[in-house]
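Worksheet: one structure, shown below.
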Amino acid sequence: MKLIPEVFAARDEIQRIRRTIHAHPELRYEEVRTADLVAQRLEQWGIEVHRGLGKTGVVGVLKRGAGKRAIGLRADMDALPIQELNTFEHRSQNEGRMHACGHDGHTAMLLGAAQYLANHGEFDGTIVFIFQPAEEGGAGARAMMEDGLFAKFPVDAVFGLHNWPDLPEGAFGLREGPIMASSNEFRIDIKGIGAHAAMPHNGRDPVFAAVQIASALQSIITRNKKPIETAVLSITQIHAGDAVNVIPDAAWLAGTVRTFTIETLDLIETQMRKLADATAAAYDCTVDVAFNRNYPPTVNSSQETRFAAEVMREIVGAENVNTAVEPTMGAEDFAFMLLEKPGCYAFLGNGEGAHRAFGHGAGPCMLHNPSYDFNDQLLPIGSTYWVQLAQRFLAHREA
Ligand SMILES: [Zn+2]
Ligand SMILES: [Zn+2]
């Protein structure tokens, strides 16, 4: 493993920062203390700081030379509404809040890189450090972009990194094309006419229509979608009625749709509306379909992904870089940045939990689990990756 010596030497300081953030988790758009800490450190290292993008987002800008190229490096800062089960010293001090997705580690790794780059960085151009709020369901990346992130701080490419418990400690995983799915919610409201349960002919039964619709929707996945395209449609709620002898006058069902392309998503939404309308009409009911697209699919561009893989191989060796990592049906709001800029979102193996300090919870070290903890061994690896990525992207070029 080829870590930058100065980055490795600073690991205790960066670990202290990581554990401080872990002990003080803040939910989406409430990352005030975390943003203060990030801004203070960046300023302390002589990096230009801009605040208030996406409410609590922080941007650091570091320029060298006359180079016109710019790279964006992004970390997320928010925690989750989970009661932590770990009892070790750096456990959450905030009731019902926890860094169970490792964003404490992501923030610390990028700070570690910023410290090195400010003090020793050799590059020609601009590095934009992006510390975003609200990755967990709040679309903080989009909020920063709406506040002019890329207009004020233009970059040629943008990169993101997430710790990944399914990969061995310190191994990288990435792939060209889709790596995470789009996340979408739908709700279908069915209106009929209520009646006595013993006299259904007097009503228009919305429960029966709801069940037919629920069943029909799965045909989109098997009959309309291309077999080689991946998609999930899960109905997770069906609600209707209050009494066994009453046919209610309304019912609703809701669920989630995940896809790796917008085309497949368009097809599923269109077909869902068609099936819901036609099925309800067949039973003399009416429907209202609400379909909300939350996060788009996270799609890595080829050139930047190959470049990132090269940098990773130099640090951890080719045997520890999986360039065909299995994509996940989970979603990630870095996807919004990749809609505007080429770039690469990658995973860094967090291991299975052997790293956890004494007093960790009984559960597995999985993302969003109350016994999870970020693996501090990754700090110098992630920081080295960020540094090398930026330095190589902005390497001095002979005119
Ligand atoms: Zn998460
Ligand atoms: Zn996360």
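Order of appearance sets the numbers: ligands from 1, and atoms from 1 within every ligand. We count residues from 1, following the sequence as given.
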Scan for salt bridge (Lys or Arg N to Asp or Glu O under 4.0 Å) pairs involving residues 350-363, sequence neighbours excluded, and state none if there are none. none
Metal environment of the Zn ion (ligand 2), protein N/O/S under 2.8 Å: Cys101 SG, His103 NE2, His162 NE2
Could you tell me if the ring centre of Phe153 sits under 6.0 Å from that of His50?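 Yes, close enough.
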Spacing of NE2 belonging to His162 relative to CZ belonging to Phe334, to within rounding of 0.5 Å: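 Interatomic distance, His162 NE2 to Phe334 CZ, rounded to 0.5 Å: 12.0 Å.
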Measure from NZ or CZ of Arg392 to the centre of the six-membered ring of Phe307 and say whether it is under 6.0 Å with the direction within 45° of the ring axis. no
Ion pair Arg41/Glu13, N-O distance below 4.0 Å: yes
Considering non-hydrogen atoms only, spot the tightest contact between Val59 and Met144 and give its length. CG2-CE, 3.6 Å
